[in-house]
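Just so you know, ligand 1 is whichever comes first in the structure, and atom 1 is the first atom listed for that ligand.
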Amino acid sequence: MRYEPGEETLQLLRTLSEAFGVAGFEDEVRTLIQERIEPYVDEMRVDALGNLIAYRRGRGERVLMLDAHMDEIGFMVSYIEEGGFLRFAPLGGWDARIIPSHALTIKTSSGGFVKGAIGTPPPHILKPEEREKPFPLEELFVDIGATSREEVEKLGIRIGSPAVIAYPFERLNEDVVMGKALDDRVGCAVLIETLRALKDEELEVTVAANFAVCEEVGLRGARTAAFQIEPDLALALEGTVAADVPGVPPTRQPTALGKGPALTVADRSLIPHPKLVEFLLGVARDEEIPCQLKVPPFGSTDAGAIQQTGKGAIAGVVSVPCRYIHSPFSLMRLEDFQHTVRLVVAFTRRCQELL
Ligand SMILES: [Zn+2]
């Protein structure tokens with residue numbers, strides 16, 4: 001079956017992108033995924049950390065772990081000023097220069113949401129030398145329109161309340177979409193679509209799908225999930241850095257849009273086994289799926305944690321190239337998404353050849 005993303009896929013990407021899932025607070029994303037994969041898997045469970053682990057039993061003994069992380073980078077309320085302004089700490093790798101002047105969504109203790117603005121002093125009152133420098137994160141504050149600490153607390157916001165930058169999912173044209181948290185909701189969508197595409201097929205390997213927590217704060221969920229799954233083989237499915245934009249030399253462009261899924265040859269967390277990379281390239285060639293090799297050694301992924309957990313596993317990374325990740329929004333091409341799903345589906349059908 002040839003995989004084509006339709007309206008349903010677009011809706012899936014939209015729902016996942018707009019869901020709230022800061023590292024450590026992935027519940028909403030997990031519930032959405034549970035509902036969607038239920039018809040495609042034999043069993044699923046949620047572990048102590050919050051990973052969603054689902055199995056599709058195969059004929060043989062070998063286990064392929066497919067991992068995508070549910071969490072996104074965000075913030076946590078760190079202090080509430082007397083006057084009702086909030087201070088916040090980052091969760092995950094933010095670039096402090098690009099945080100000011102965005103809208104923020106804060107999750108309250110009752111599960112509701114409160115909107116706010118990351119305020120900055122207006123340029124009129126800045127000294128010339130202050131205009132040259134980015135605002136340090138500790139000087140930034142969130143303005144939710146409250147006038148006192150009591151008012152903030154009554155809304156259910158306290159120290160530890162999680163927050164994300166608010167950004168709607170949008171389709172810029174036939175092939176390009178933009179939204180928040182594509183790192184790694186796009187990987188979650190690839191994994192869901194892979195399970196869907198394979199639902200009526202008998203497979204040689206057992207597929208253990210792990211929707212991981214807390215990747216953005218140190219690959220935490222994937223480590224304990226791999227310990228439980230004990231995979232022979234693993235792929236982390238990611239939305240990765242594309243930097244094919246003006247002013248960036250080719251040697252610093254890890255991937256580019258429109259060239260298909262990116263295969264990792266080395267990043268800061270792992271060096272995949274060369275035979276896995278070769279095999280993926282072979283599958284892509286046989287299936288006539290365009291793909292690219294990601295320029296090393298940028299980023300780190302759950303595959304690094306999986307490779308080194310327990311007895312270890314042959315692990316690699318297949319990514320959808322996304323521009324502007326770890327910023328308030330990112331941008332990707334639907335055809336890259338489509339080719340990534342096709343590659344992961346074809347790999348899953350044939351991966352026992354590697355073992
Ligand atoms: Zn990621």
Side-chain angles (χ1 to χ4, degrees), residues 13 16-26 29-30 33 49-52 65-75 90-95 98 162 164-165 167 169 177-194 209-226 234-243 254-255 257 261-270 272 292 294-307 315-332 336-337 340-341 344:
L13 286 166
L16 289 171
S17 165
E18 292 185 346
F20 186 101
V22 178
F25 301 85
E26 296 89 350
V29 182
R30 186 173 50 238
I33 295 172
L49 267 69
N51 294 304
L52 172 62
M65 177 175 177
L66 296 176
D67 173 283
H69 67 91
M70 297 185 287
D71 61 310
E72 64 189 297
I73 58 171
F75 305 96
L91 286 177
W94 280 104
D95 175 352
I98 57 174
V164 289
I165 288 183
Y167 227 93
F169 182 87
V177 294
M178 183 167 98
K180 78 168 181 66
L182 296 188
D183 174 14
D184 185 29
R185 303 293 158 68
V186 64
C188 295
V190 169
L191 184 39
I192 294 168
E193 291 289 79
T194 298
N210 182 49
F211 295 90
V213 295
C214 289
E215 190 268 357
E216 296 290 3
V217 287
L219 321 181
R220 295 177 192 174
R223 188 169 291 119
T224 60
L235 281 187
L237 308 173
E238 268 288 4
T240 201
V241 190
T255 70
L257 261 54
L263 310 183
T264 294
V265 292
D267 65 22
R268 295 193 198 284
S269 63
L270 94 158
Q292 55 187 317
K294 182 180 166 190
V295 172
F298 306 103
S300 53
T301 56
D302 276 347
I306 296 165
Q307 186 189 46
V317 191
V318 175
S319 306
V320 180
C322 297
R323 287 183 192 148
Y324 322 120
I325 65 169
H326 288 222
S327 89
F329 54 82
S330 38
L331 194 147
M332 72 156 194
D336 288 329
F337 174 81
T340 306
V341 175
V344 177

Non-hydrogen atoms of A243 and P254 that approach each other most closely: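 The answer is CB-CD, 3.9 Å.
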side-chain hydrogen bond (donor to acceptor under 3.5 Å, both in side chains) with [X]: which residues, sequence neighbours excluded?
{"X": "D183", "result": "H69, H326"}
{"X": "D302", "result": "none"}
{"X": "T240", "result": "K294"}

Salt-bridge test for E18 and K180: reply yes if a basic N is under 4.0 Å from a carboxylate O, no otherwise. no
Closer than 2.8 Å to the Zn ion (ligand 1), how many protein N/O/S atoms do you count?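 Considering protein N, O and S only, the Zn ion (ligand 1) has 4 within range.
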Pick out which of V320, D184, L66, V318 makes a side-chain contact (heavy atoms from CB on, under 4.5 Å) with V190.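 Output: one option passes, namely V320.
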